[in-house]
Amino acid sequence: MLFFGGGKPFAIGALPYDDGVIEAAVNPRVMIQVQIATQPIRAMVDTGAPYVVLNPELADELGLRTADLVERDVTLNIRGTNYRGSLHLIDIQLVAAEGESLTAHSTVFIPRLVPGDTWGLKPNFVGLGLLNNVRYAVDPDQNTFYFGPLT
Amino acid sequence: MFRTLTVPKTLDHLFEATLDSSGPFANVTGSASAFMPFRRSLTSTDEPIPPFAQLEALADLAAAEAFASAVALADETGWSPAYYVRAIRLALRAGAHRPAAELARRARERYPNDDDVQRLAGLLAPLVGPARRSPADPTVRANRNWFVYHGAAYRGQWVAVKNGELLGAAPTLRELKARVGDTRLAVISQVV
């Protein structure tokens with residue numbers, strides 16, 4: 001795993017990522033496996049997103065829309081479109097293939113689609129609502145995402 | 001310098017209200033035309049003024065940048081916990097997420113014992129707590145490889161993949177769960 005110069009661990013876990021399917025050849029992404037409410041899912045790492053963002057269909061099926069709801073009247077611009085939705089505090093696990101997995105309290109945006117809204121083929125996003133609570137590093141040569149606790 | 005923003009007629013009274021100098025946004029009001037990021041005809045009024053009129057109007061319009069400009073100029077000296085909570089909620093409604101987080105941090109510092117402030121600060125500017133460790137899952141690599149080598153054939157569909165093998169695919173997640181049954185140990189994903 002990865003260490004600071006003084007020998008302190010930087011990362012305790014690592015997982016392989018893929019480039020996504022749509023536009024993978026021209027616009028590769030960092031798609032990782034995470035677990036939310038005991039359900040493994042895939043999500044795109046996005047350091048430009050303020051929160052974790054879930055596909056609304058997925059959130060409905062997992063029953064997350066009422067789970068740990070903190071704020072219900074939120075606007076978030078996602079790829080140029082304003083979506084209304086709610087913010088939740090939910091534990092999300094970064095699932096390690098090597099080392100140890102890590103679960104962190106995360107701020108999650110769940111869009112609430114109204115007539116006229118479309119979600120399209122957007123991934124789930126792992127944004128700063130999780131990434132601000134862990135250390136992470138990306139090795140694009142090996143397609144590996146490393147992570148560790150901040151404390 | 002100025003950006004023109006179309007404001008619904010029904011909100012006119014709110015913008016006029018912002019010229020009054022009462023309330024926590026006093027510094028926003030007196031010289032509003034000098035920094036307001038939208039061009040309006042601003043006139044003072046003798047009516048009692050809701051202090052959050054300007055921010056509410058911007059939140060209604062989801063005018064995130066204008067909201068950020070307005071709240072940055074506000075004098076927070078006299079703000080109560082309730083003022084902070086209301087401003088943070090309006091920022092979220094406006095889509096101004098960085099201002100919301102910054103307000104939450106300042107509110108937490110000023111009012112560490114206020115439950116509503118702490119709840120919002122915990123959401124938007126969380127203090128780093130201990131993360132929980134658990135064993136690795138060696139099937140992660142096999143699942144990832146399935147998406148690399150087979151994902152393109154299922155573009156846009158929902159799939160369930162367990163230990164590198166496809167359990168099922170469907171146009172919607174609900175249909176997928178009906179076909180596959182228990183998906184808790186499988187990765188479920190729309191292929192994107």
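Chain identifiers are assigned alphabetically (A, B, ...) following the order of the sequence lines, protein sequences preceding nucleic acid strands; residue numbering begins at 1 within each chain.
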Partners meeting ring pair (Phe, Tyr, Trp, His ring centres under 6.0 Å) with A/F3 (sequence neighbours left out): none
Under 4.5 Å side-chain linkage, directly or through intermediates, the cluster mates of A/V114: none
Heavy-atom check, side chain of B/I188 versus side chain of A/I41, under 4.5 Å: yes
Residue, of B/L124, B/L185, B/L123, B/V161, that accumulates the most heavy atom pairs under 4.5 Å with chain A: B/L123
Minimum heavy-atom distance between A/L121 and B/G156, given as atom pair plus value: CD2-CA, 3.6 Å
A/L94, part contacting chain B, at a heavy-atom distance under 4.5 Å: neither
Using only the distance criterion (under 3.5 Å, no hydrogens considered), which donor-acceptor pairs connect chain B with chain A?
unit_1	atom_1	unit_2	atom_2	d
B/R89	NE	A/E71	OE1	3.3
B/R89	NE	A/E71	OE2	3.1
B/L92	O	A/T75	N	2.9
B/R93	O	A/T75	OG1	2.5
B/R93	NE	A/D73	OD2	3.1
B/H97	ND1	A/Y51	OH	2.7
B/H97	NE2	A/T75	O	2.6
B/R119	NH1	A/V70	O	2.7
B/L123	O	A/T107	OG1	2.6
B/R132	N	A/T103	O	2.9
B/R132	O	A/T103	N	2.7
B/R132	NH1	A/D91	OD2	3.2
B/R132	NH2	A/D91	OD2	3.4
B/R133	NH1	A/E100	OE1	3.1
B/S134	N	A/S101	O	3.1
B/S134	O	A/S101	N	2.7
B/S134	OG	A/Q93	NE2	2.8
B/P135	O	A/S101	OG	3.1
B/D137	N	A/A96	O	2.7
B/R141	NH2	A/E98	OE2	3.3
B/N143	ND2	A/Q33	OE1	3.4
B/R144	NE	A/Y17	O	3.0
B/R144	NH2	A/Y17	O	3.1
B/W158	NE1	A/E57	OE1	3.4
B/L173	N	A/E57	OE2	2.7
B/R174	NE	A/E61	OE2	2.9
B/R174	NH2	A/E61	OE2	3.2
B/T183	O	A/Q39	NE2	3.1
B/T183	OG1	A/Q39	OE1	3.3
B/A186	O	A/Q39	NE2	2.8
B/I188	N	A/P40	O	3.1
B/Q190	OE1	A/N55	ND2	3.4
B/V192	O	A/V21	N	3.0

Listed partners of A/A97 passing side-chain contact (heavy atoms from CB on, under 4.5 Å), at least two apart: A/P16, B/V140
B/L103 vs B/W79 side-chain heavy atoms within contact, under 4.5 Å: yes
Side chain / backbone / both / neither for B/A186 at chain A, heavy atoms under 4.5 Å: backbone
Segment of B/A62 engaging chain A (4.5 angstrom heavy-atom cut-off): both
A/L87 reachable from A/I92 in the ILVMFWY side-chain graph, under 4.5 Å edges: no
Residue pair A/V126, A/V34: steps toward the side chain to side chain contact (heavy atoms under 4.5 Å, CB included) verdict: CA-CA 9 Å; A/V126 169; A/V34 298; 4.2 Å; yes
Under 4.5 Å from any heavy atom of chain A - which part of B/I88: neither
